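A quick note: this is a predicted structure, and the numbers were derived from the prediction, not measured.
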Amino acid sequence: MSITIHEALRAYIDPLTEHEYAALERSILTEGCRDALVCWGEVLIDGHNRYAICQKHQIPFKVVQNDNFSNIEDVQLWMIDNHLARRSVSDFQRGMLALRKKEIITARTKHHDTNAPSAEGETDIAVPVIKPTQSRQEIAREAGISSNAVVQIEKIQRTASPALVQAVRDGTISISAAAAVASLPDEEQQAAVAGGRKELQQAARQVREKIREQKAPIKIAKQVAESEESSDVKNSNAVTSHHNGGDAEVPVLQQKIIALQSENAALLEKIAELQAALEKAHTGS
């Protein structure tokens, strides 16, 4: 049968690294193409790398049909779910795929809401509505990664240079470190990538230290404000207690007054004794 390559679909999923592609090629050369290619009509939707390798080496392959799609978006969603089910997909790829799925479903929902029939044109036909994935927690569950990783991947999507994104895909730098480096200007990102793993790690460390330094005064100011607020609350409570009679504190205050009076009397006696001794000394002289 004739197989058509849909360029948008082929570019939709991150390509294999050189190492992964070489490993797949060795496997097919040794064992043949064990997994069948999947097509939607004549359009290839799964097995692009296997197809390329089989064509290159004239290796036979099997094809199965999946016609359960209404449009190209259905195919894209199926491809995403298919890749998310594979253990070999990296955390970064998982996060990117889950975010792409959110974009597709959100766009589809908006289109449905915009083109939904008015109340006057209601029919008895039920139109299925797909709820878009909104929260980072839901995206994280979909991808099998942490919510924090989703936040970092979103930042990489927005601000990372193509070279830095490729470094994350290749495993040269971690997601968290890449998110830190993505805060730098594009030229500095490219310079760090060009310097290799150590340069990237150093750049990430410097960004994190700078962030900590910027946060330190804010943290101290917050602690001071909280301390002052706590002091104000205590003083307010004391005043309120006083105005309300302070019945519980009266015995304590009375005991303090008695103790101070006794201490004062003892001091007066001591002063008198010292004055008498002083006068006696002067008389004797």
Taking every heavy atom of Gln65 against every heavy atom of Gly41, the minimum-distance pair comes out as NE2-O, 2.8 Å
If we ignore hydrogens and angles and just use 3.5 Å, is the side chain of Ser27 paired with the main-chain N or O of Ala23 as donor and acceptor?
no
Can you measure from CD1 (Ile104) to OG1 (Thr109) and round to the nearest 0.5 angstrom?
11.5 Å
Are Lys210 and Ser183 linked by a side-chain donor-acceptor pair shorter than 3.5 Å?
no
Counting only heavy atoms not in Glu18, do more than 12 fall under 6.0 Å of its CD?
no
Is it the case that the side chain of Arg50 and the backbone of Asp35 share a donor-acceptor pair, with hydrogens and angles ignored and the cut-off at 3.5 Å?
yes
Any side-chain to backbone donor/acceptor pair from Glu138 onto Ser135? Under 3.5 Å, distance only.
yes
Value for OG (Ser146) from CD1 (Ile175), rounded to nearest 0.5 Å, stands at 8.0 Å
Treating Gln189 as the side-chain partner and Ala182 as the backbone partner, does any N or O pair qualify as donor plus acceptor under 3.5 Å?
yes
Take Asp46 and Trp78, measure what side chain to side chain contact (heavy atoms under 4.5 Å, CB included) needs, and give me the verdict at the end.
CA-CA 10 Å; Asp46 184 57; Trp78 178 85; 3.8 Å; yes
Kindly give the heavy-atom pair with the smallest separation between His48 and Ile45, and that separation in Å.
CE1-C, 4.0 Å
Can you tell me if Glu42 uses its side chain to pair, donor with acceptor, with the backbone of Cys39 under 3.5 Å?
no
Is any side-chain heavy atom of Ile28 closer than 4.5 Å to one of Cys54?
yes
Could you check whether any side-chain heavy atom of Trp40 comes within less than 4.5 Å of a side-chain heavy atom of Asp74, counting everything from C-beta outward?
no
Closest non-hydrogen contact found for Ala178 with Ile156 is CB-CD1, 3.7 Å
Test your reading of the model: is there a side-chain donor-acceptor pair from Gln93 to the backbone of Ser90, 3.5 Å cut-off?
yes
Any link between Ile211 and Val151 through a network of hydrophobic side chains (Ile, Leu, Val, Met, Phe, Trp, Tyr) touching at under 4.5 Å?
no
Side chain to side chain contact (heavy atoms under 4.5 Å, CB included) between Ile105 and Leu77: does it pass, once the steps are laid out?
CA-CA 9 Å; Ile105 296 178; Leu77 292 172; 4.0 Å; yes
Is there a chain of hydrophobic side chains (I, L, V, M, F, W, Y, each step under 4.5 Å between heavy atoms) that links Val63 to Ile5?
yes
Charged N-O contact under 4.0 Å between Arg169 and Asp91:
no
Are the side chains of Thr172 and Leu200 in contact, using a 4.5 Å heavy-atom criterion?
yes
Would Val64 end up clustered with Leu9 when hydrophobic side chains under 4.5 Å apart are linked, directly or stepwise?
yes
Interatomic spacing from OG in Ser161 to CG in Asp186 - rounded to 0.5 Å
5.0 Å
Heavy-atom pair with the smallest gap, counting every atom of Ser147 and Ala140
N-CB, 3.7 Å
Measure the OG-CD distance between Ser174 and Gln152 for me, rounded to the nearest 0.5 Å.
8.0 Å
May I ask you to check whether over 12 heavy atoms, not counting those of Arg34, lie within 6.0 Å of atom CZ?
no
Taking Arg136 first and then Glu154, would you say they form a salt bridge - that is, a charged N and a carboxylate O separated by under 4.0 Å?
yes
Side chain to side chain contact (heavy atoms under 4.5 Å, CB included) between Gln157 and Met96, worked out:
CA-CA 8 Å; Gln157 274 188 320; Met96 293 287 286; 3.6 Å; yes
Please determine whether a side-chain nitrogen of the Lys or Arg among Glu25 and Lys56 lies less than 4.0 Å from a carboxylate oxygen of the Asp or Glu.
yes
If we only count heavy atoms from C-beta on, is the Ile3 to Leu37 side-chain gap below 4.5 Å?
yes
Residues Lys101, Asp81: salt bridge by 4.0 Å N-O rule:
yes
Report yes or no: do Ile72 and Met79 belong to one cluster of Ile/Leu/Val/Met/Phe/Trp/Tyr joined by side chain heavy-atom distances under 4.5 Å?
yes
Do Glu103 and Thr106 meet the criterion of a side-chain donor-acceptor pair at a distance under 3.5 Å?
no
If you round to the nearest 0.5 Å, how far is CD1 of Ile173 from CG of Leu164?
5.5 Å
Between Cys33 and Pro60, the two heavy atoms sitting closest are CB-O, 3.9 Å
Mind listing the closest non-hydrogen atom pair of Arg108 and Asn71 along with its distance?
NH2-OD1, 3.4 Å
Once salt bridge (charged side-chain N to carboxylate O under 4.0 Å, His left out) is applied, do any residues pair with Glu209, and if so which ones, sequence neighbours excluded?
none
Do Val38 and Leu84 share a hydrophobic cluster (ILVMFWY, side-chain heavy atoms under 4.5 Å, transitive)?
yes
Measuring from Ile80:CD1 to Gln76:CD, what's the distance to the nearest 0.5 Å?
7.0 Å
Could you please spell out the steps behind the side chain to side chain contact (heavy atoms under 4.5 Å, CB included) verdict for Val43 and Phe69?
CA-CA 12 Å; Val43 178; Phe69 308 116; over 6 Å; no
